[in-house]
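Remarks on the structure that follows.
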Amino acid sequence: MKLKDKVAIVTGGARGIGAAIVERYVAEGATVAIADLAMPDGEALAQRLGGKAFAVSLDVTKLASIQAMVDLVKTRAGRIDILVNNAAVFDMGPVLEVTEKSWDFLFAVNTKGLFFTLQAVAKEMVAKGQGGKIINMASQAGRRGEALVATYCATKAAVISLTQSTGLDLIKHKINVNGIAPGVVDTPMWEEVDALFAKYEKRPLGEKKRLVGEAVPYGRMGLPEDHTGAAVFLASTDADYIVAQTLNVDGGNWMS
Ligand code: NAD
């Protein structure tokens, strides 16, 4: 077991990639806080995993909610060793139709929320003086722009940049900040993505999802479980000397 007796927080852990990481971390011996807006889903997952996981309400767009979540995890589990900064939202549309509301929402969750969750957890890790591991969920969308996806791509490019800057600043406290950049992953988020591509590219539902899956060099779309090995590795002592990197876990879609 690579994470025996560690305490981890997984934001957006109630479903999709986050839920797969929660499940794997528990199997590796960690106690895991499932920190999510979707409390019923988080509680159902926690119940399925027994006493090693618990759900905590979190809205990353509200700093008070982030602090309340951190305080609750500290009270329940005593400390925080690992943060997986995974919660995010998606939207897309032609550049000429992007609204301020959509722009602000994506940046509030994907970028500002991620940064201030990292800051609140890092403060606890520094106060404890035992270091820690922080993993930011980026995306291949952060590696290059895409015509209909300007805002989401920009939020994820910012995640890669923040991983570099925060990683360089926090390593003196023995806090490793690294990132994972998934490619295309079969989660509830991709159902939303597919529906939006169907609207803007005038395709039948399901076609975009099939095409992007066929285009992956590995031969299929990613599954949430495909990302758990990297999430365990980056949270373990095996990754102590890895600092401020973002690892592509995308079946070969992207080179960098
Ligand atoms: P998902 O939509 O299936 O799950 C996201 C979770 O985040 C949900 O449980 C949701 O309730 C939670 N969440 C949303 N807003 C929140 C908020 N304000 N506060 C707290 N929790 C909130 O997403 P997923 O596909 O599992 O994606 C997980 C991560 O991987 C995201 O960062 C996403 O950008 C990234 N990613 C996904 C893909 C993909 O193809 N699915 C590709 C690349 C990167």
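For clarity, every value in this text was computed on a predicted model and none was experimentally measured. Indexing begins at 1, ligand by ligand and atom by atom, following the structure's order.
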Discussion item. Residue-level breakdown please: for Ala138 versus ligand 1, do any non-hydrogen atoms fall below 4.0 Å on the side chain, on the backbone, on both, or on neither?
Written reply: backbone

Item to complete: Give the contacting part of Lys156 toward ligand 1: side chain, backbone, both or neither, where contact means a heavy-atom distance below 4.0 Å.
Response: side chain

Worksheet, complete the sentence: Of Ile34, Asn86, Leu106, Thr61, the one whose closest heavy atom lies nearest atom 31 (C) of ligand 1 is Asn86

Practice prompt. Say whether Asp91 and Ser102, considering side chains only, have a donor N or O and an acceptor N or O under 3.5 Å apart.
Written response: yes

Worksheet item: What protein heavy atom is closest to atom 38 (C) of ligand 1, reported as residue, atom name and distance in Å?
Response: Val185 CG2, 4.0 Å

Discussion item. I'd like to know if Leu162 and Trp103 are part of one continuous hydrophobic network [Ile/Leu/Val/Met/Phe/Trp/Tyr, side-chain heavy atoms within less than 4.5 Å].
Written reply: no

Discussion item. What protein heavy atom lies closest to atom 5 (C) of ligand 1? Include the residue and the distance to one decimal.
Written reply: Ala88 O, 4.1 Å

Response to the item:
atom 30 (O) of ligand 1: closest protein heavy atom, distance to 0.1 Å, is Met137 CG, 3.3 Å

Item to complete: Start with the C-alpha distance between Gln245 and Asn178, add both sets of side-chain angles, then the distance that settles side-chain hydrogen bond (donor to acceptor under 3.5 Å, both in side chains), and finish with yes or no.
Response: CA-CA 5 Å; Gln245 305 298 315; Asn178 289 296; 5.7 Å; no

Response to the item:
The protein heavy atom nearest to atom 23 (O) of ligand 1 is Met189 CB, 3.6 Å

Worksheet item: Should the proximity of Thr187 to ligand 1, defined as any heavy atom under 4.0 Å, be assigned to the side chain, the backbone, both, or neither?
Response: side chain

Discussion item. Would Val109 count as being in polar contact with ligand 1, using the rule that some N or O on each side must be under 3.5 angstrom apart?
Written reply: no

Discussion item. Consider side-chain contact (heavy atoms from CB on, under 4.5 Å). Of Asn85, Asn136, Leu63, Val70, which one does Thr117 pass it with?
Written reply: Asn85

Worksheet item: In this structure, which one of Glu191, Glu214, Glu192 forms a salt bridge (Lys or Arg N to Asp or Glu O under 4.0 Å) with Lys209?
Response: Glu191

Worksheet item: Does Val60 reach ligand 1 with a nitrogen or oxygen that is under 3.5 Å from one of the ligand's nitrogen or oxygen atoms?
Response: yes

Worksheet item: Asn248 and Ser256: side-chain donor and acceptor closer than 3.5 Å?
Response: yes

Worksheet item: In terms of hydrophobic clustering (I, L, V, M, F, W, Y; side-chain heavy atoms under 4.5 Å; direct or indirect links), are Met69 and Val84 co-clustered?
Response: no

Fill in: Protein heavy-atom partner closest to atom 2 (O) of ligand 1 - residue, atom, separation in Å
Arg15 NH2, 2.7 Å

Worksheet item: Does Gly183 come within less than 4.0 Å of ligand 1, judged by its heavy atoms?
Response: yes

Worksheet item: Of Gln130, Lys133, Met125, which is the lone residue that meets side-chain contact (heavy atoms from CB on, under 4.5 Å) with Ile175?
Response: Met125

Discussion item. Cation-pi check for Phe197 against Arg203: NZ or CZ below 6.0 Å from the six-membered ring centre and within 45 degrees of the axis, yes or no?
Written reply: no

Worksheet item: How far is atom 9 (O) of ligand 1 from its nearest protein heavy atom, and which residue and atom name does that atom have?
Response: Asp36 OD2, 2.7 Å

Item to complete: Kindly determine whether Val121 and Glu124 satisfy side chain to side chain contact (heavy atoms under 4.5 Å, CB included), including the steps that lead there.
Response: CA-CA 5 Å; Val121 170; Glu124 288 306 322; 5.5 Å; no

Item to complete: Using distance alone, with no hydrogens and no angle criterion, decide if Thr155 and Asn110 have a side-chain donor and acceptor under 3.5 Å apart.
Response: yes

Worksheet, complete the sentence: Atoms of ligand 1 under 4.0 Å from any heavy atom of Trp190, numbered from 1 in the order shown, are 39 (C), 40 (O), 41 (N)

Worksheet entry | Those atoms of ligand 1 less than 4.0 Å from some heavy atom in Pro188 | 3 (O)

Fill in: Test: Lys172 and Asp169 ion pair at under 4.0 Å
yes

Worksheet item: Among all protein non-hydrogen atoms, which one is nearest to atom 18 (N) of ligand 1, and what is the separation to 0.1 Å?
Response: Asp59 OD1, 3.1 Å

Worksheet item: Considering only protein heavy atoms, which is closest to atom 43 (C) of ligand 1, and at what distance to one decimal place?
Response: Ser139 OG, 3.3 Å

Worksheet entry | Enumerated ligand 1 atoms positioned under 4.0 Å from heavy atoms of Val184 | 40 (O)

Practice prompt. Would you mind telling me if ligand 1 is within reach of the side chain of Tyr152, the backbone, both or neither, using heavy atoms under 4.0 Å?
Written response: side chain

